[in-house]
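Note that the coordinates shown come from a computational prediction; the quantities given were computed from them, not determined experimentally.
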Amino acid sequence: MADASLKVDNADYLITVDGGRRIIRNASVVIQGGYITHVGKAEELDHVGADVVIDASNKVVTPGFCNGHMHLSYAHPVRGIFADDVQNRLALVFAMQSVMTEEEEYDTTLLGLVELIRTGTTTLVDPGTTRFPQACMAAYEAAGCRVVIGEQVTDRANQLNLPVYDTSDAVRRMQSSVEALHGRLSGRMRAWTMPFSVEVCSPDLLIAAKRIADEHGSAMTIHHGGGDGSGPTPTERLAQLDVLGPNVVLSHCMDMSESDIAIVAETGTRVVLCPSTVLKNGANTARGGRLPEFLDAGVSVALGTDSVNSSNYLDMVRCMGLAATIYKDVRGDRSLVSAETALELATRTGAGALQTGDSLGSIEIGKAGDLVLFDTLRADWRSLLHPVRNLVYSTTGESVDTVIADGRVIVESGRPLFVDDLGGLIERVEKAGSRIAKVAGVESPSPWPVI
C-alpha cells in the first residue's frame, strides 16, 4: 500500500458511483495511505496538498473496474488459435494449458495483467485455472491490482481434459490453496474455493467447497448454467445441498429459469455474466441471457470477460458497452440496461458481487484509492456532453491514460509501469504459444492462404 499521498486534481468529470451517484465537475480526489480522504470540487480542495499531484484536466475519472470472471494464466500464448466454429474448444484449451511450464504461465499471467490493467481493471477473479500461483506471485505483486485466485478442482470424469482428483484430494487441494493464498500481498490477494461445475463435481465436493469458504471468511465460485432440462437444474441441486448464499458467486448463468433466479435472489447468491463470451460462442442471449431478470430480482451482478480464447479481449469498457446494448436489441426494448447500470455492474454493483462492496467500487471517503483516468482529448470522447454515455457507448479501454490502485500509479500516460520490457515479454509469450500448440497437437489453419 502506498504511504505517500496523491491528489488527482481538476478532473473535468468525476463519476463517483457513490450512494447519490454524483458526477462532480472540476473535481479533485485525495488519497492517503491507499485510502480516499477527500472528494469534491477542485476549488474546495485547493488547500489540500499531496506528495504527488496529477493534473486531471481533460480527464474523466471513474472507480477502478471489477472483472468478475476471467481466465488469466493460459490464453494469451494461443490467442486467436481457434476457428469460429471449432468443436470441443474447452477440451483443447485445457489440453494446451496442461503442457505449460511455470515460466510460461508467469509470462502469460503478466501479459494478461498488462491488458487488464491498461484498460482499467483493478480487481479480477481468476476462477481457478492458474496452475502455478506461487510462480505467478511476483507478477501479481508487481502489478499492484487485486486478485482473487484458487485451485480449480473436479472429482468426476469429464470431456474437458480437466484433471480428476479423488474427492478427498480435491478437498485437500482447495483447503491448502485457501490457507496458502488468502490475504497475501497485504490483503490484495484473496483465495476462494473453485469447484469447476455441478456437472463434474460430486455433492460431497461441493459441500466441502462451501464449508471451506465459510470457515475461512472467503467465498466460492463455480461455472454455472441452467442445465440440460433433465432432472433438477444445477441451481436446484446447489440449493438442495445448501451450497448457495452471499459468499457464492455463480459465473456465466445462461439459460436459467424464473425459479432458478428466484432461488438465487432468495439466498443472496451473487452472479457474474460474460456477455462477450455469449456472443462469440453463439450461446443465444435472446433465449438464455437473463441480466434484466437478475437485476429486477435484486441479485448482485458483476461482469466478466472470460478468457481471450472465449471473448478475445479483456476490456471492461467494451464489456460494459455490450451489456448496455445487447438486451436492447434481443428484447426490442431500449429501456433495458442503461449506460449507468452497465457502469454500476463494472464498479459499485460488481464490487458488491465480489464481496468487496465495503471497500471498492465507488469514489468515496474511506474507500480504497483505485481510480481510472480517461483521456478525453480524443475523437471518440467528443463532444463530451454526458460522460457516462460516452464512456459506455463511444470509447474503449484504449482511452485510459492513468490507473491508480491503492493510491499507487500503475499505468501512466497509457504505459504500464510494472513491466520493464514489454516487447521482450510479448516475444516470450509468442514463442511459448508456438511450443504449447505443437506439444498439445492443436492446429490453427487459416481459411485464407498465408504466404
Side-chain angles (χ1 to χ4, degrees), residues 67 69-79 81 89-116 124-143 145 147-166 169-182 184-185 189-197 200-201 205 209 212 218 220-223 251 304 306-310 314 425 428-429 431-442:
N67 192 325
H69 185 92
M70 64 82 41
H71 297 272
L72 179 63
S73 62
Y74 63 72
H76 278 72
V78 290
R79 184 181 214 148
I81 194 170
R89 179 181 58 81
L90 285 180
L92 297 173
V93 163
F94 294 126
M96 289 188 289
Q97 186 195 17
S98 70
V99 303
M100 287 182 70
T101 67
E102 290 188 28
E103 293 79 10
E104 288 168 340
E105 185 167 83
Y106 169 84
D107 283 338
T108 191
T109 295
L110 185 57
L111 188 59
L113 289 169
V114 167
E115 181 177 357
L116 279 163
L124 64 107
V125 178
D126 183 338
T129 43
T130 298
R131 295 173 61 218
F132 306 109
Q134 297 296 345
C136 296
M137 196 62 63
Y140 304 131
E141 183 171 16
C145 61
V147 182
V148 178
I149 199 169
E151 181 161 3
Q152 181 175 273
V153 294
T154 69
D155 64 347
R156 286 184 167 173
N158 60 81
Q159 303 298 313
L160 300 177
N161 286 321
L162 291 170
V164 180
Y165 306 105
D166 291 336
D169 188 22
V171 173
R172 180 188 61 78
R173 285 172 173 272
M174 286 191 297
Q175 180 92 24
S176 297
S177 176
V178 172
E179 291 176 351
L181 299 172
H182 196 56
R184 294 280 296 273
L185 305 180
M189 175 173 282
R190 291 176 292 146
W192 293 359
T193 57
M194 296 179 171
F196 186 81
S197 71
V200 297
C201 295
L205 181 55
I212 293 168
S218 181
M220 164 183 149
T221 190
I222 188 169
H223 295 76
S251 293
D306 211 2
S307 78
V308 297
N309 291 137
S310 300
L314 304 181
L425 174 63
R428 294 195 301 275
V429 171
K431 182 178 179 180
S434 298
R435 188 198 72 81
I436 291 164
K438 181 178 180 180
V439 173
V442 178

Interatomic distance, [X] atom [atom1] to [Y] atom [atom2] [nearest 0.5 angstrom]:
X: L124; Y: L116; atom1: CG; atom2: CG; value: 5.5 Å
X: L160; Y: L90; atom1: CG; atom2: CG; value: 5.5 Å
X: Y74; Y: D126; atom1: OH; atom2: CG; value: 8.5 Å

Tell me yes or no: between the side chains of S251 and H69, is some donor less than 3.5 Å from an acceptor? yes
Quick one: salt bridge (charged side-chain N to carboxylate O under 4.0 Å, His left out) partners of D107, sequence neighbours excluded?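 Scan of D107 (salt bridge (charged side-chain N to carboxylate O under 4.0 Å, His left out), adjacent residues dropped) gives R428.
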Could you pull out the closest heavy-atom pair between P163 and T154, with the gap in Å? O-OG1, 2.7 Å
I need the minimum non-hydrogen distance between V442 and I81, along with the two atoms involved.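 Taking every non-hydrogen atom into account, CG1-CD1, 3.9 Å.
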Indicate every side-chain donor-acceptor pair of residues 91-100 with a distance under 3.5 Å to a residue at least two apart or in another chain.
residue: Q97; atom: NE2; partner: T129; partner atom: O; Å: 2.3
residue: S98; atom: OG; partner: A95; partner atom: O; Å: 2.6

I need the full list of salt bridge (Lys or Arg N to Asp or Glu O under 4.0 Å) pairs touching residues 92-104, with sequence neighbours left out, sorted by first then second residue. E104-R435
Output every pair passing salt bridge (Lys or Arg N to Asp or Glu O under 4.0 Å) with a member in residues 149-162, not counting sequence neighbours, ordered by first then second residue.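 For residues 149-162: E151-R173.
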Partner set under side chain to side chain contact (heavy atoms under 4.5 Å, CB included) for A170, not counting sequence neighbours: V153, Y165, L205
Taking only residues two or more places apart in sequence or in another chain, which ones pass side chain to side chain contact (heavy atoms under 4.5 Å, CB included) with A75?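 Per chain and number, A75 pairs via side chain to side chain contact (heavy atoms under 4.5 Å, CB included) with S307, V308, N309.
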Between [X] and [Y] (side chain of the first, backbone of the second, donor and acceptor by atom type, cut-off under 3.5 Å), is there such a pair?
X: T109; Y: C136; result: no
X: E105; Y: T130; result: no
X: H223; Y: S197; result: no
X: N158; Y: L162; result: yes

Find out whether P195 and M220 are in side-chain contact, i.e. whether some heavy atom of one side chain is under 4.5 Å from a heavy atom of the other.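 Side chain of P195 against side chain of M220, heavy atoms only: contact under 4.5 Å found.
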Kindly indicate, with the supporting measurements, whether the criterion side chain to side chain contact (heavy atoms under 4.5 Å, CB included) is fulfilled by M174 and E179. CA-CA 9 Å; M174 286 191 297; E179 291 176 351; over 6 Å; no
